[in-house]
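One-based numbering, in listed order, for ligands and for the atoms of each. No experiment lies behind these values; they were computed from the predicted model shown.
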Amino acid sequence: MTKLCIILGDQLSETLSALSEINRHDDVVLMCEVKEEATYVSHHPKKIAFLFSAMRHFAQTLREKGYCVRYIKFDNPHNQGSLTKELIRAVEEIKPSAIILTEPGEWRVLKMFEELKKKLTVPLTIYEDNRFLCTTNEFKHWAEGKKQLRMEFFYRMMRQKHRILIDNHGKPIGGSWNYDAQNRNHAKHIHAFPERLEYPEDRITAEVISLVATHFSRHFGHLRPFTLAVTRQQALSEANYFIENCLVSFGDYQDAMLTNETTLYHSKLSFYLNAGLLLPKELCHMAEQAYLKQQAPLNSVEGFIRQILGWREYIRGIYWHFMPAYKEMNHFHATRDLPALFWGADTKMFCVKEVVRQTSVEAYSHHIQRLMITGNFALLAGINPQQVCDWYLAVYADAYEWVELPNTLGMALYADGGLMASKPYAASGKYIQRMSNFCKSCAYNPNDLLGEKACPFNSLYWNFLKQHEEKLKDNPRLHYAYMNWQKMDPDKKEGIHNKVQEVFAYLDSGRL
Ligand code: FAD
Ligand code: DLZ
Ligand code: SF4
């Protein structure tokens, strides 16, 4: 009575619920590299190489531990090209008595398996994903009856529930729940950041890199250099290295951006967390221990824990709470096509060019770059949310729809009309000038609104406020912005109107 357990590419955890339901000596684990998953958006080649290599290493670890693994490589001539077709083929060959799966991270994939379940004669059981700290039902329960689903209150509930950075009286350690106000320094004066670990290609990774070079050379982004961790052990080294060398300054410079410096003090652990090589709970405990041992200050430790225990879990809750309608939302009716500069076409806007360059090289950029450069530009320029989401889903190696969609559609584009964010993250060039050194290298001037060299973010910002005045003017967090807009001289308003036409004309003709 063999059971068949399918493990998806982002389920690479030995503690996965589905794995604990099978007997390693009698049952079979199925893993497959399939065209449908590798091409439903044109994923960055580094992302595909990372995932395939991590999947192959995980399969090897399972085999070493006595599991029987049926692993279908991408170039296997019998490969049927989709997860469900490969599952059907395995069922026909192995004739299992039951099929087991941990719930997929994406709506699309869950629906695929639910549809298949109706057709199969073998029972298929889907188990809860035990790697998250908040189940989808718990989130639903928390959300019930609430007018607003603000992350901050969810986060406080999670801190209490998991007793992380909580004192013996149930109060937050240090007296405050949140030290974000201390985490907004720029880093223009810092010239050296901690070196990062690099992992040499082993035989498995080299084989995968060659495969990706053959099949995905047309996808945007650099495959090499490839130095990512691809095993649990390596991912743990990354986590330890971050805690020992970077966490201390993580909080202070969380929002800073610099030319040629992708990571600063960020952890760059999202690739590993989202693929299952690291677990959120263990990272929260590691960070908490660093505070208790006085290796890192509270603003950094709390800030890091908030990202994982708060934001990451909250984002997942929002995704499952509002899907599938969420994906279609477009509060501002934004219709502009994604411009070619997102795919590396030349632009004089140095900030955008630099973030897209870093993304192309590393399949990574940090949160503020995603939110306040590319995201802010897409919001102000009125780019269609679904096209923007597909871009983010493709180009970042940590991108799976459950985490990418609410971050892009909700946080960056406010296309959900404020289900997540209390106001749109719209900003002019002045914000970018304050938080980065990008403007120093730019052809445009962040302090100019209407002149020949005026930063496009400035006129786009006022144009955005004007265009969406009806929807936004009563938002208390935009009170001052609208007060300034209303006080503005009519000639200046007309100047902005004309300038923004020029900006869009340049954008459309690839000259911005
Ligand atoms: P750090 O800054 O070191 O933070 C530590 C960890 O906290 C991260 O590894 C991540 O797991 C978690 N975290 C932090 N912020 C968030 C957040 N907003 N949502 C979920 N988890 C968070 N994150 C993804 O994992 N996948 C995505 O596809 C993704 N798309 C994004 C798209 C946009 C438009 C924006 C604004 C943000 C997106 N994020 C996404 C969130 C965030 O940018 C990344 O998690 C972060 O940049 C990963 O880098 P890091 O590991 O160095 O993070
Ligand atoms: C992102 C991705 C890619 C590129 N390739 C595969 C694959 O070949 N096999 C697989 O099992 N999963 C892959 N994934 C992850 C899935 O597309 C999907 O995002 C997750 O399983 C979440 O449901
Ligand atoms: Fe970006 Fe404007 Fe600064 Fe140029 S001047 S880097 S476009 S914010």
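- Not a single heavy atom of Glu401 lies less than 4.0 angstrom from ligand 2.
- Considering only non-hydrogen protein atoms, atom 13 (N) of ligand 1 sits nearest to Gln307 O, 3.6 Å.
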Give the intermediate values and the outcome of salt bridge (Lys or Arg N to Asp or Glu O under 4.0 Å) for residues Glu282 and Arg131. CA-CA 10 Å; Glu282 69 189 349; Arg131 297 167 305 163; over 6 Å; no

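- Using a 4.0 Å cut-off to heavy atoms of Asp10, the atoms of ligand 2 that qualify are 20 (C), 21 (O), 22 (C).
- Given atom 14 (N) of ligand 2, the protein heavy atom at minimum distance is Leu51 CD2, 3.5 Å.
- In this pair, Phe377 and Phe342 present their aromatic rings tilted. The plane angle is within the 30 to 60° band.
- Taking 4.5 Å as the limit, every side-chain heavy atom of Ile368 sits out of range of all side-chain heavy atoms of Met435.
- Contact analysis puts Tyr40 in contact with ligand 2, with a non-hydrogen atom separation below 4.0 angstrom.
- Heavy-atom distances between Phe52 and ligand 2 reach below 4.0 Å in at least one pair.
- No option in Tyr319, Phe139, Trp320, Trp402 other than Trp402 meets the ring-ring contact (aromatic ring centres under 6.0 Å, His included) test with Phe132.
- At the shortest separation from atom 23 (N) of ligand 1 among protein heavy atoms lies Val403 CG2, 3.7 Å.
- Residue Tyr396 places no heavy atom under 4.0 Å from ligand 1.
- Counting heavy atoms under 4.0 Å from ligand 1, residue Phe242 does not touch it at all.
- Contact annotation: for Met411 versus ligand 1, heavy atoms closer than 4.0 Å belong to the side chain alone.
- When heavy-atom distances to ligand 1 are checked against a 4.0 Å cut-off, Asn274 comes that close only through its side chain, counted from C-beta outward.
- Among the atoms of His266, some N or O lies under 3.5 angstrom from an N or O of ligand 1.
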List the steps, then state whether ring-ring contact (aromatic ring centres under 6.0 Å, His included) holds for Tyr272 with Phe50. CA-CA 10 Å; Tyr272 314 123; Phe50 161 67; 5.7 Å; yes

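- Of all atoms in ligand 1, listed by their number and element, those nearer than 4.0 Å to a heavy atom of Ser270 are 9 (O), 25 (O), 48 (C), 49 (O), 51 (O).
- Below 3.5 Å of separation, one finds an N or O of Tyr364 facing an N or O of ligand 1.
- Residue-ligand proximity: Phe250 is placed with a non-hydrogen atom under 4.0 Å from ligand 1.
- Protein atoms that are N, O or S and lie under 2.8 Å from atom 1 (Fe) of ligand 3 are these: Cys351 SG.
- Nearest-heavy-atom check against atom 31 (C) of ligand 1 across Leu393, Leu409, Ile305, Asn407 picks out Asn407.
- Ligand 1 has a nitrogen or oxygen under 3.5 angstrom from a nitrogen or oxygen of His367.
- Considering backbone and side-chain N/O of Leu269, one or more are found under 3.5 Å from N/O of ligand 1.
- Heavy atoms of Ile315 found under 4.0 angstrom from ligand 1 belong exclusively to the side chain.
- Listed by number with element, the atoms of ligand 1 under 4.0 Å from a non-hydrogen atom of Lys268 are 50 (P), 51 (O), 52 (O).
- Residue Pro280 places every heavy atom at 4.0 Å or more from ligand 1.
- Considering Ala378, Ala412, Ser267, Ala399 only, the shortest heavy-atom separation from atom 3 (O) of ligand 1 involves Ser267.
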